[in-house]
Amino acid sequence: GFKLMEDNKSQEAYQCFKQACDMAPNNAIIHGYAGILANTLAMKSDNIQNRKALLSEAVKYLDKAKELDPTKDKFKK
């Protein structure tokens, strides 16, 4: 997923991170990236239905990341 993000392939990266969320359901970082990518794809979408669906998914993934890491320790640099 990270390599696809570097290559500016947001859709493919998002699919990888969605799959990774299923494989590692307790990983806040993976959920965070899935949420960020869903949000990015929503902003690029011209289709309002698609945009709404992606924004809903973004919220779901970001809320899960927040739940898994409420102190945001995993995202500190």
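Just so we're clear, the structure is a prediction, and the values are computed from it rather than from any experiment.
Here CG of Asp69 is found 12.0 Å from CG of Asn26. Values are rounded to the nearest 0.5 Å.
Put simply, the side chain of Leu68 does not reach to within 4.5 Å of the side chain of Asn27, judged on heavy atoms. With a 4.5 Å cut-off on side-chain heavy atoms, Leu54 and Asn39 do not count as touching.
Cys21 and Ala34 make their closest contact through SG-CB, 3.9 Å (heavy atoms, listed as atom of the first residue, atom of the second, distance). In terms of heavy atoms, Ile36 sits closest to Leu62 at N-CD2, 4.2 Å. Between Pro25 and His31, the shortest heavy-atom contact is O-CE1, 3.3 Å. Residues Ala65 and Gly32 approach most closely at CB-N, 3.7 Å, considering heavy atoms. Taking all atoms of both residues into account, the shortest heavy-atom contact from Ala58 to Gly35 is CB-O, 3.4 Å.
Residue pairs meeting the side-chain hydrogen bond (donor to acceptor under 3.5 Å, both in side chains) criterion with at least one partner in residues 49-66, sequence neighbours excluded, are Tyr14-Glu57, Ser45-Asn50, Lys64-Glu67. Every pair tested for salt bridge (Lys or Arg N to Asp or Glu O under 4.0 Å) that includes a residue from residues 26-41 fails, sequence neighbours excluded, so the list is empty. Listed by first and then second residue, the salt bridge (Lys or Arg N to Asp or Glu O under 4.0 Å) pairs involving residues 34-48 amount to none (not counting sequence neighbours). Sorted by first then second residue, the side-chain hydrogen bond (donor to acceptor under 3.5 Å, both in side chains) pairs that include residues 2-11, not counting sequence neighbours, are Lys3-Asp7.
Residues passing the side chain to side chain contact (heavy atoms under 4.5 Å, CB included) test with Ala53: none are found, sequence neighbours excluded. The side chain to side chain donor-acceptor pair (under 3.5 Å) test applied to Asp22 returns no partner, not counting sequence neighbours.
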What verdict does the side-chain contact (heavy atoms from CB on, under 4.5 Å) test give for Leu55 and Met43, after you've listed the backbone C-alpha separation in whole Å, the side-chain angles of each residue and the deciding distance to 0.1 Å?
CA-CA 9 Å; Leu55 288 173; Met43 295 302 107; 3.6 Å; yes

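Tracing side-chain contacts under 4.5 Å through hydrophobic residues (I, L, V, M, F, W, Y), one never reaches Leu4 starting from Phe17; they form parts of separate clusters. Hydrophobic clustering (ILVMFWY, side-chain heavy atoms < 4.5 Å, transitive): Met23 and Leu37 are in distinct clusters.
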